[in-house]
Number of protein chains: 2
Amino acid sequence: MSNFQKGKVDIVAVAKAAKVSPSTVSRTFNHPNLVSPATRKKINRAVQRLGYIRNRAAQTMHGKRSGTIGLVVPTINHAIFAEVIQAFSDSIDKAGFSLLLASHGYDLDREYAMVRKFLEHRVDGVALVGLEHSDATARLIEQQKIPALAIWNYSEDSILPCVGADNRLAGRLATEHLLALGHRDIGLIFPQTNGNDRAQHRISAVHAALNEMGISVPSEHESEAPYSVSQAKQAALTLLAKHSRPTALLCGNDVIAQGALFAAQSLGLKVPDDLSIIGIGDFKGSADVEPGLTTIRIPAETIGKLAGERFTDYITSDDPKPFRICCEVERIVRGTTSPSTVH
Amino acid sequence: MSNFQKGKVDIVAVAKAAKVSPSTVSRTFNHPNLVSPATRKKINRAVQRLGYIRNRAAQTMHGKRSGTIGLVVPTINHAIFAEVIQAFSDSIDKAGFSLLLASHGYDLDREYAMVRKFLEHRVDGVALVGLEHSDATARLIEQQKIPALAIWNYSEDSILPCVGADNRLAGRLATEHLLALGHRDIGLIFPQTNGNDRAQHRISAVHAALNEMGISVPSEHESEAPYSVSQAKQAALTLLAKHSRPTALLCGNDVIAQGALFAAQSLGLKVPDDLSIIGIGDFKGSADVEPGLTTIRIPAETIGKLAGERFTDYITSDDPKPFRICCEVERIVRGTTSPSTVH
DNA sequence: AATAGTATTGCAAATGTTTTCATAAATTCG
DNA sequence: CGAATTTATGAAAACATTTGCAATACTATT
C-alpha cells in the first residue's frame, strides 16, 4: 500500500512492484506462454494492486494494431443506420475492436474530413456507407493503404470490399409488386439522390421497371422528401391532394412510407383499399403500424453483423483477400398493398 | 517524386523533405506562430506532397490528449438513444474530439468492460447513460481519475457531473395529466427497471402520484414490456383484453405507447375516446402517428448537445468545476388523451 | 559430471511525437 | 556600431511500450 496514488502506473511501475523487468511484464500480456507461471502470477498481482491499465497508444506506436475501426455514416439518428451501427459495433467488439463513430449528414466533404480524422487516430480500418464517395476520399484510402469497407450497398464492380444489398433490385421488386397488383398509376416519394447512391439506385431501377411496362410517372406524382416521418407526411399530403390521385405510392424507404400512411389516414383514405403503399427497408416498427407496412426488406442487422465479422477478419489476416458480399433483399407483404380497383 | 511510397511518412520524413528539423515540423502544427511563415509554407508543401497524416497515438504518449471521448449506452438501436448519440457526437466533434461508442445491452458488467476498454485507448473522458452503475465502474473511474459524465438522468445528488432530465418529474407529470382528465382507472406498461434507473425513477414517481390520490393499480393492469413496438403491442393486447379495461394507459416510453396505440387500434378501440394513452420521451415520430401521441417530452437532442459542450469544456479546462445540468421536461398534449367518460 | 539443449529473463534499441534548452540569426536601440 | 532583445531553429530527452538478442538458469542426455 505504497505507490497507489503517487504518479502514473505504467509498465515499469508494475515491473518494479513485481520485481521483474518491464520486458517481462510486457511479455506477460503479449506472449504469456513465454513467461513462467510463477512470475506471471506475481505480475498479475501487481497489476491488480496498482490498477494498471494497458496503454494502447504506446502499443500502437510499435506498429501493433490500434484496435479501433472507424465507421462513418450519413447519420446516426435513423432507424435503419442505428440498426446497422448496433450490429457492426457488437460484431467488431467480439473481435476485440472498438468503434470510432462519426456522421457526415450526407455531405461527402465532411465524410472525407471524418476519414482523415480517423486516420490520425490510426484506426485499423475504416467503413463507409454506400459506394459513392468523393475523389479525395478514394485517393486518401488508396494512398494511405488503409483497409476500407463499403457497407449497405452491394455492387459487383465495387472498388472497395463491400457488404450490402442490391438497392436496384429492391427498387425493382417494389415496382413489380405494385405492377403485379394491377397498379398503373403509381406515385413516387423518394429522398434526394444527391450523395445518396442507395436512393439513387432504387429510383433508377423503379423508373426502369416502369418504362419496361411503358409507364411513365407524371411529374406531379413524383415528390422528394427528406428522411423524416413528419416531412414525408407533408409531402404525401401535397401529392395526394392533387386532382388525379395515384392508386399506389412507392416510397424510397419505410420512414417515408410511414409518413405517407399517416398522411393517407389523416385524409380519410382507406389503406390499402383507396391507396396502396409500399416502402423499402423494413425498419423496426414497420411491421407494427396499422395496417402493417408492405415493404422490401433490407437486412440491416445481417449486413452490420456480417460486415463486422468479415472486416475484422480482413484486417487481422496476413494476406487479406478482397470480398464482396450481397445480402438478399426480400419482399414482405403486409397490409398496405392490395390489387388496384381501377380497370 | 522520390519517397512517395517508400516506407512510412512520419514527421522526420516531412522534415527531411522540407529541409528542416523534426522539431520545426512539430511546431508548425502545435505552435504555428513560433515558426516563420516561409518555413511554414515549405513544410506544408512537404506535408501535401508526402500525404503526411499526424499520428495521435504518438502525441498521446506525450501526455497530450488523445482527442477521444468514450460513450457507453445501453443500446444504440433506439430512437431515443440514437438521437442523443447523434447530438453528442456532433457536439464533441465541433470541439475536435472523436467518439468511441459502445453499448452494453442493459448489462452493467458489460458497461464496466467497455469503460475499461476505453481506458486502454486513453480516452480523455467517458460518458455513461444514467446514474446507476456497478461499484466496479465507480471505483475504476475514481481510481483512474478519468473525467466522467452521466447523461440522460438528472439528480441533484449525482456523484458524477450530469446532464439530463428529471425522470421522476416526467413520471409525475404524465400521471397528473391523466388524473386531471378524470382518469382513475389507469393501466401501466413499463420496461424492466433492472439496471435501468430511468424507468425506475419514472415508475416510482407514477406510483407515488397515484398513491397521493388514493389510487392503486391492480396488478392485472400493470404490465412489463421490453423496448420494442411489437412486443409492447403484444403486452398491451393482453392487458386490454382483460375483462375490466382501464380508461387510460400510461406507458414508460413512447415506443411502448406506440405499441399500445397500435394494439388499441387493432382491437377496434377508439383512441382517445375509448382509451387515453400517454407516453414519455417524445421520440421522433411520436408527433406523426395518428392520432398524435400525447407525451412528456425529454429533450434528447438538447441533452446530447449540452452534454457534449459542457463535457469537452470540462475536459479541456485547467481547473474543471463539476456541474449538474437539469434539462426541462415538458408536457406535450396531442391527440391520444381526452377526459375520462366514466363518472 | 560434462554437454547440449531449452526455458526464462533482462538489456537496449526502436516506435513518432513534443518540448525544454541552447544556439544562432535578425532586429532594435542608445 | 555594439549591446541587448527578440525571433527562428535544432539537438536531445522524454513519453510507454515491444522485441531481437544475449545472458543466465535449469533439464535432460550421455
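Proteins come first, then strands; the chains are lettered A, B, ... in the order of their sequence lines, and each starts at number 1.
- Within 6.0 Å of atom CG in B/Asn194, 12 or fewer heavy atoms from other residues, nucleotides or ligands are found, so the atom counts as exposed in its surroundings.
- Considering all non-hydrogen atoms of both residues, A/Ile69 and A/Phe97 come closest at CG1-CD2, 3.8 Å.
- Taking atom CG on A/Asp10 and atom P on D/dC15, their separation rounds to 9 Å, with Å as the unit.
- In this structure a side-chain-to-backbone donor-acceptor pair under 3.5 Å is missing from B/Glu120 to B/Val115.
- Counting only distance, with no hydrogens or angles, the side chain of A/Arg122 and the backbone of B/Arg54 share a donor-acceptor pair below 3.5 Å.
- Distance NZ (B/Lys19) to P (D/dT9): 15 Å, rounded to an integer number of Å.
- Shown here are the side-chain hydrogen bond (donor to acceptor under 3.5 Å, both in side chains) partners of B/Ser23, two or more places apart in sequence or in another chain: B/Ser21.
- Across all strands shown, B/Ser36 has heavy atoms under 4.0 Å from sugar-phosphate atoms exclusively, and none from any base.
- In this structure a side-chain-to-backbone donor-acceptor pair under 3.5 Å is missing from B/Thr24 to B/Val20.
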Writing each nucleotide of DNA chain D 5' to 3' as (, ), [, ], | or . by Watson-Crick or G-U pairing under 3.5 Å yields ||||||||||||||||||||||||||||||

Would you tabulate the nitrogen or oxygen pairs shorter than 3.5 Å linking the protein to nucleotides 20-23 of chain D?
none

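- Contacts between residues 53-64 of chain A and DNA chain C, defined by a heavy-atom separation under 4.0 Å, are made by A/Met61, A/His62.
- The closest donor-acceptor contact from the side chain of A/Asp197 to the backbone of A/Gly130 lies at 3.5 Å or more, if one exists at all.
- The stretch residues 116-123 of chain A has no heavy atom under 4.0 angstrom from DNA chain D at all.
- Contact annotation for B/Tyr52: backbone-only contact, meaning every heavy-atom pair under 4.0 Å involves sugar-phosphate atoms and none involves a base.
- Counting non-hydrogen atoms of other residues, nucleotides and ligands closer than 6.0 Å to CG of B/Leu34 gives a total above 12.
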Cut-off 3.5 Å, no hydrogens considered: what does the side-chain donor-acceptor table look like for residues 9-19 of chain B, sequence neighbours left out?
{"residue": "B/Asp10", "atom": "OD1", "partner": "B/Val12", "partner atom": "N", "Å": "3.3"}
{"residue": "B/Asp10", "atom": "OD1", "partner": "B/Ala13", "partner atom": "N", "Å": "3.0"}

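- Under the ring pair (Phe, Tyr, Trp, His ring centres under 6.0 Å) criterion, B/Tyr106 pairs with no residue at all, not counting sequence neighbours.
- Every salt bridge (charged side-chain N to carboxylate O under 4.0 Å, His left out) that B/Lys305 has, sequence neighbours left out, goes to B/Glu309.
- If you walk DNA chain C from 5' to 3' and mark each nucleotide with an atom closer than 4.0 Å to a heavy atom of chain B, the marks span C/dG16 to C/dT20.
- Ion pairing of A/Asp93 with B/Lys117 is present here, as a side-chain N (NZ or NE/NH1/NH2) and a carboxylate O approach within less than 4.0 Å.
- B/Tyr112 meets the ring pair (Phe, Tyr, Trp, His ring centres under 6.0 Å) test with no other residue; sequence neighbours excluded.
- Here the P atom of nucleotide D/dA11 and the NZ atom of B/Lys16 are 12 Å apart, to the nearest Å.
- The side-chain hydrogen bond (donor to acceptor under 3.5 Å, both in side chains) search around B/Ser91 returns none, not counting sequence neighbours.
- Evaluation of the side-chain hydrogen bond (donor to acceptor under 3.5 Å, both in side chains) rule for A/His78 yields no partner, not counting sequence neighbours.
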